[in-house]
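Since the structure comes first, as structure tokens, the remarks are kept for the end.
Along the sequence shown, residues carry numbers from 1.
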Amino acid sequence: MKRSPAVGFALLTVAAVAACSPTKVPPITPHTIAMNKVFERGWPASENACLFTLWDRESGWNVYATNPVSGAYGIPQALPASKMAAAGPDWATDASTQIAWGEDYIKSNYGSPCAALAHSNAFGWY
């Protein structure tokens with residue numbers, strides 16, 4: 001039985017339109033916050049993969065992640081954790097504040113997430 005290309009095209013178009021509907025807002029997650037901040041900083045989109053790898057390993061993107069040995073805290077694993085207060089008073093509980101601080105830290109110390117990841121791969125920390 002031969003399929004009609006018009007039917008497949010119509011279904012794809014409807015699905016594509018539904019996915020892009022202005023009434024369907026994508027969820028705001030730490031990952032989407034970070035991607036937007038990478039864009040705002042003027043870093044290329046390729047830096048997202050490095051940032052995701054780095055923070056997957058550091059904290060699993062958990063706002064409350066605490067290293068039991070060092071006491072490093074949050075998504076970027078700040079040490080001491082209170083350094084993140086420079087980004088906002090809600091630093092202990094807000095992903096956006098932690099991400100902003102973490103990306104500032106990366107930019108000032110390494111220049112980019114990929115450079116921070118390279119350092120982390122070489123030395124076990126960033």
Side-chain angles (χ1 to χ4, degrees):
M1 179 180 229
K2 190 174 179 183
R3 295 176 98 187
S4 169
V7 171
F9 179 75
L11 292 175
L12 177 63
T13 302
V14 169
V17 169
C20 296
S21 170
T23 60
K24 291 185 178 186
V25 178
I28 296 174
T29 67
H31 290 85
T32 58
I33 292 166
M35 287 181 358
N36 287 329
K37 290 185 183 303
V38 162
F39 175 76
E40 289 168 8
R41 289 176 192 285
W43 287 330
S46 59
E47 293 292 332
N48 283 311
C50 294
L51 185 64
F52 286 14
T53 299
L54 182 64
W55 288 350
D56 280 347
R57 180 168 56 210
E58 290 291 324
S59 66
W61 294 80
N62 180 349
V63 174
Y64 303 103
T66 304
N67 182 307
V69 176
S70 70
Y73 183 81
I75 293 170
Q77 289 292 279
L79 185 63
S82 59
K83 290 196 295 187
M84 289 190 287
D90 57 353
W91 64 269
T93 59
D94 188 80
S96 184
T97 301
Q98 291 184 7
I99 290 165
W101 181 88
E103 288 187 7
D104 284 346
Y105 174 82
I106 287 170
K107 185 169 187 167
S108 65
N109 289 279
Y110 303 99
S112 72
C114 288
L117 178 61
H119 185 277
S120 178
N121 288 339
F123 298 100
W125 59 272
Y126 81 107

- For Asp104, enumerate each residue passing the salt bridge (Lys or Arg N to Asp or Glu O under 4.0 Å) test, keeping only those at least two apart in sequence or located in another chain. Arg41
- Val38: side-chain contact (heavy atoms from CB on, under 4.5 Å) partners, not counting sequence neighbours: Trp43, Glu47, Asn48, Leu51, Glu103
- Task: List in chain and number order the residues that pass side chain to side chain donor-acceptor pair (under 3.5 Å) with Asn62, two or more places apart in sequence or in another chain; answer none if no residue qualifies.
- Result: none
- Mind checking what makes side chain to side chain donor-acceptor pair (under 3.5 Å) contact with Trp91, not counting sequence neighbours? none
- Note on the structure: Taken in chain and number order and not counting sequence neighbours, the residues that satisfy side-chain contact (heavy atoms from CB on, under 4.5 Å) with Ala115 are Tyr110, Ser112
- Item | side-chain contact (heavy atoms from CB on, under 4.5 Å) involving Thr93 - partner list, sequence neighbours excluded | Tyr64, Asp90
- Which residues satisfy the side chain to side chain donor-acceptor pair (under 3.5 Å) test with Asp94, sequence neighbours excluded? Thr97
- Note on the structure: The side chain to side chain donor-acceptor pair (under 3.5 Å) partners of Asp56 (sequence neighbours excluded) come to Trp61
- Message: Between Glu58 (side chain only) and Ile75 (backbone N and O only), is there a donor and an acceptor less than 3.5 Å apart?
- Response: no
- Residue pairs fulfilling disulfide (SG to SG under 2.5 Å) with at least one residue in residues 46-121, sequence neighbours excluded: Cys50-Cys114
- Query: Hey, any chance Phe39 and Ile28 share a hydrophobic cluster, counting ILVMFWY side chains that come within less than 4.5 Å of each other, even indirectly?
  - Reply: no
- Item | Nearest heavy-atom neighbours spanning Ala116 and Leu54 | CB-CD2, 4.0 Å
Only distances under 3.5 Å count here; give the side-chain donor-acceptor pairs of residues 76-86 to other protein atoms, sequence neighbours excluded, each with its distance to 0.1 Å.
unit_1 : atom_1 : unit_2 : atom_2 : d
Gln77  : NE2    : Ala65  : O      : 3.2
Gln77  : NE2    : Gly74  : O      : 2.8
Lys83  : NZ     : Leu79  : O      : 3.0

- Query: side-chain contact (heavy atoms from CB on, under 4.5 Å) with Ser46: which residues, sequence neighbours excluded?
  - Reply: Pro44
- For residues 113-126, pull every pair meeting side-chain hydrogen bond (donor to acceptor under 3.5 Å, both in side chains), keeping only residues two or more places apart or in separate chains. Trp55-Tyr126, Arg57-Ser120, Arg57-Asn121
